[in-house]
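One structure below.
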Amino acid sequence: MSTEGQDAARLAELRQKFGREPLPPREGEAEQSPRDAQPRFRGLESGHRACQGCGEALAARLVMECAGPDVMIANATGCLEVFTTAWPQSAWRVPWVHSLFENAAAVASGMEAAMKAKGRNTKVLAFGGDGGTYDIGFQALSGMLERYHNVLYVCFDNEAYMNTGIQRSSSTPHAATTTTSPAGKERMGKRHLKKDLLSIIAAHHIPFAASASVAYAADLQRKVRYAMGVDGPTFLVVHSPCPLGWRHASAMTIEVARRAVECGLFPLVEIERGAVTNVMPIRDVRPVTDYLSLQGRFAHLMKDADSRAAEERAHLQALADYNIEVFGLRGDSPDAADTTGTAVVGRSGRPAGRI
Amino acid sequence: MLEALEGSQAIARAVALCRPDVVAAYPITPQTHIVEALSRLVAQGDMKTEFVSVESEFSAASVVLGAAAAGTRAYTATASQGVLLMAEVLFNIAGLRVPLVMTVANRAVSAPLSIWNDHSDSMAVRDSGWIQLHCADNQEAVDTTIQAFRITQETELPVMVCMDGFVLTHTFEPIDLPTQDAIDGWLPPLEFSRKLDPGDPKSLGTLVSPDFFAEVRHSHHAAMTKALSVIGEVDEAWSALTGRSCGGLLEVSGDPAARIGILAMGSTCGTIQTGMEHAAGEVGSARLIKLRAFRPFPADALRAACEGLDHLIVIDRAISPGLGGVVGTEVAATLADVPGAPRIHNHALGLGGRDIPETIYADLMATVTDPDSPAFSVFDADMEKLDPEDR
Ligand SMILES: Cc1ncc(C[n+]2csc(CCOP(=O)(O)OP(=O)(O)O)c2C)c(N)n1
Ligand code: SF4
Ligand SMILES: [Mg+2]
């Protein structure tokens, strides 16, 4: 059995091998930029089989960069599992196990219990899609949070069962079409609302729960780093556009994700022990149609001739307005931490907003 | 030293002797006393383990899967509906080939609801790829539980220890528990070859294309077949330590010269044995075959055990509706190519906790000479209780 010392040496070696070399400081720059000071760990390698522009692949890579090599992952069935591992290949540089669709949180609980029993502090992560989190794995997740396992659970929310070919989940937005919530004479896409999962998670009064978006990498990574440091259950839901399922251009993933935040349909909030402690203010609130119009899954809402379309658009706008109201998302004045400030990258390569 | 212990208490103490790192379980009759006893041992500081009190059997199985994958010794216990709720995870555990031990306190499966003993639960997951060992009494259950931890380490296959609900779990018997020192010396530390380890990262449970799937299944089957000898060797090593054997794969007793054999699994073996002691004078004696390893199925040992028999009565404690008895069918298939194989009389008995009296021995023996005896029957079903069209 290897000792802690040997493990540390091996981890340092892996970090060297697969982490990016820190860049030398630029001329005239006294300190390193924060980005350069943080060598990027490639926990999820390139070369996997995700579609072009896959938001989930990007989100997982961003999470792994800050999680580092001293982790182990329990991954639910879904696109992320399938596109990263097809025997005998694997894109993972960290110990990783896939068991089933609905038990990632419970498998992670067992891995964490094992680390506790061995007196090690390797952090356990659990990854699931929205189907594996909002729906079928929900009970296991609630149990894991209630039992207070030291696990960071990350839900890659692409708002449908993508791996099985775009079926609705309880996270699919109202009125979006999927193969099991198609639009037609009798229906305008999904009839029900997107489940407010974060509120349910908040009701477990865990140390930290937050929503994040692939459009705001620095914000997402700050949240991951924070959660990694918490000794207890933490939860992150990352809005991850799926070009295939949402029917938008592959090059538009970031733009689509950004507009979801800017219109208020996907608010970025932080919750500590049940109370909202931080939100990302929206500098310029957009109408929801700016978001909807980029995506084929909402194409039926853009038909002027259909009176039901205007009604559903108004419905979605009301949902966005409600979020903006309850979370106080409308920024009073320009702020480095708002939706515009966070997205600006300074000339030094340093994000202009917080990190 | 002998101690009077309830079966469940004895199992909990045996598990504690094996020092599992992680225990996760969810209560269900008749397994509840095991979880409760383990919880008490942990609360009293008599057992050091991460006890994960899960919200379902599905999570219990998933937690021990995760713990075992992370390289620690893990244990769970369940019964009946719990086994079925776990079913998907049980196949997954076996397919991942992670080592862990589970007790099944055998109970019928609903509907109709029954909390009483039969083998429908473990039978329902017979093809999951787990090793399945059946215990005839509580001492055997204790011994088999400890052996299971060694078998699972040596084979890297999960082991299910089946003991009859109530009949064993709730019965007090004098039990010899080995000392902690003896077990510490006998059970080596767990070293799982494919464990999750940040120092040597591996991916477990990947997607496998048709190009590799058949090979995965073949290797699982081969590993199960190899486990046959491990089960025997571990029982011998146990016997060297304690002087007690559980019979390895199967155990033959009774009258070696008898032309009639009776094969059973679990506590029924004891009932048949006692029945024979009382009735042998009137109806003759039989060769008794206690099948301990149901998976892997000990075909060679079974053929040898049946040599010279004209008739073999096979007792099933579960039924596959539309087929009949599962054990009976498998035994018949195993003996099919043996010249002069015994005629099989397959009977399901004691379903849903129906009491199996000692007199069953004489009743079973009588079927052998009855030319109208069916190849399969639910032996103790009372036709008078059924409408004529249901008989
Ligand atoms: C018990 C069970 N039911 C259904 C499935 C089929 N299935 C596999 S992945 C999946 C959907 C995954 O959706 P999600 O969790 O949102 O992940 P995504 O693929 O969208 O990233 C489904 C329905 C399964 N694997 N297991
Ligand atoms: S279907 Fe969607 S989530 Fe799945 S790999 Fe393609 S883009 Fe990613
Ligand atoms: Mg999804």
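What's counted below: heavy atoms across the whole structure, side chains too, no hydrogens, waters or symmetry copies. Remember, it's a predicted structure, so these values are computed and weren't measured experimentally. Every chain is numbered from 1 and lettered A, B, ... according to where its sequence line falls, protein lines coming before strand lines.
In this structure, no portion of A:V124 lies under 4.5 Å from any heavy atom of chain B. Residue contact with chain A, scored on non-hydrogen atoms closer than 4.5 Å, involves the side chain of B:V22 exclusively. Contacts between B:E50 and chain A at a heavy-atom distance below 4.5 Å involve the side chain alone, from C-beta outward. Only the side chain of A:T122 comes within contact range of chain B, judged by heavy atoms closer than 4.5 Å.
Separation of atoms OG1 (B:T206) and CG (A:N75) is listed at 12.0 Å; rounding is to 0.5 Å. Distance CG/B:L207 to CD/A:Q89: 11.0 Å, rounded to 0.5 Å. Atom CG of B:D21 sits about 4.5 Å away from atom NZ of A:K118, to the nearest 0.5 Å. A distance of 13.0 Å separates CH2 in A:W87 from CG in B:D211, rounded to the nearest 0.5 Å.
Ranked by heavy-atom pairs under 4.5 Å with chain B, the list A:E112, A:M111, A:E81 is led by A:M111. The greatest number of non-hydrogen atom pairs below 4.5 Å with chain B, out of A:A117, A:A104, A:S99, is found for A:S99. The greatest number of non-hydrogen atom pairs below 4.5 Å with chain B, out of A:M72, A:K116, A:H98, is found for A:H98.
When the heavy atoms of residues 137-158 of chain A are compared with those of chain B, the residues falling under 4.5 Å are A:Q139, A:A140, A:G143, A:R147, A:H149, listed by number.
Side-chain contact check for B:D197 versus A:P95: every heavy-atom pair is 4.5 Å or farther apart.
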